[in-house]
Amino acid sequence: MIVKAKTGNDSLAAVYIAEMQDGGMIEFVESLQPPFTINEKWVLIISTLCGCPVECSFCDAGGNYRRRLTEEEMFSQIDYMVSKRYPDRVIPADKFKIQFSRVGEPSFNPDVIDVLRNFSKKFTAKNFIPSVSTIAPSGTEKFFQKLLEVKKELYDKSFQLQFSIHSTDTAERDKIIPVKKWSFPGIARYSEKFFSREGKKITLNFVLTEPGKFDTKILKKYFPPEIFLIKFTPLNPTFKAVKNKLQSYIQKDISEYEIAKQVTNEGYEIIISVGEYEENLIGSNCGQYVAASEQNNGMNLDGYTYKVKKL
Ligand code: SF4
């Protein structure tokens, strides 16, 4: 793997763009989460696939799918970011999170399980929090069975599992995520097995669009608040979102939402993940530089504010 370029701001988030041996491009992210210091919380977001076959309607990573990344290639991304700051591979952060959620649906890649199993052979972390975010595509049952085993064995208290479902309306969910997926009862059945009282609740993530469909009755019917928490994420200014004329329901300057009140009244914990506005400008939390750069003749991206610096 050769890291070709970097964009962002070292004190908030940096996106690295790398070329793999076969010429495929990937990207990975280091994110600091103010007001936390890096010793309190440090988050890495890595790619699991080269491109993504799913093609969600707001995600620039969709399309140009080449292949799964190997265990070694996923570890290379982690090692690149860790060894820059901690050459001894000892990570002192109170919370050290790795999100398997940059480019690619992680359940399409069985090597993600090997990374989870072998992490401690390569790095020492005070509090390692693995985090898998998935759209729950059909045909991935074997992956999820293994994920359940590794979670119970090694990360029962710390593991964070997120299902990105984006709408409580099945037709709208299919439009946003245009592949065959687990049904809501299927997600609920698996989550009941995955959840443990000592561990973290399972996140249901919604990138709500305006006007989007969200019904708390459907939420309550399938997803008990004792097991699930609800997260609303803003729609980031990706090229695809602009092309598909999608508007974010969550806005930078608004902190109170009627839907959020309804969700809270039904007994759910809720996270409104507005994040740092500047992070959107960097494009570190959703916009996918690789796909976008391919559409824009190299690295001359004008969709994001921060310039891409060739390394
Ligand atoms: S949001 Fe995830 S699953 Fe959907 S296209 Fe992007 S990387 Fe793939």
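Each ligand, and each atom within it, is numbered from 1 in the order the structure gives.
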With sequence neighbours left out, what residues match Phe163 under ring-ring contact (aromatic ring centres under 6.0 Å, His included)?
none
The atoms of ligand 1 lying under 4.0 Å from a heavy atom of Arg102, numbered in the order shown, are 7 (S)
Centroid separation Tyr268 to Phe228 less than 6.0 Å
no
Non-neighbouring partners of Asp88 that pass salt bridge (charged side-chain N to carboxylate O under 4.0 Å, His left out), sequence neighbours left out:
none
Closest approach of Pro110 and Arg68, non-hydrogen atoms and distance?
CD-NE, 3.8 Å
Could you tell me which atoms of ligand 1, counted from 1 in the order shown, lie closer than 4.0 angstrom to a heavy atom of Glu55?
5 (S)
Is the distance from atom 6 (Fe) of ligand 1 to some N, O or S atom of Cys56 under 2.8 Å?
no
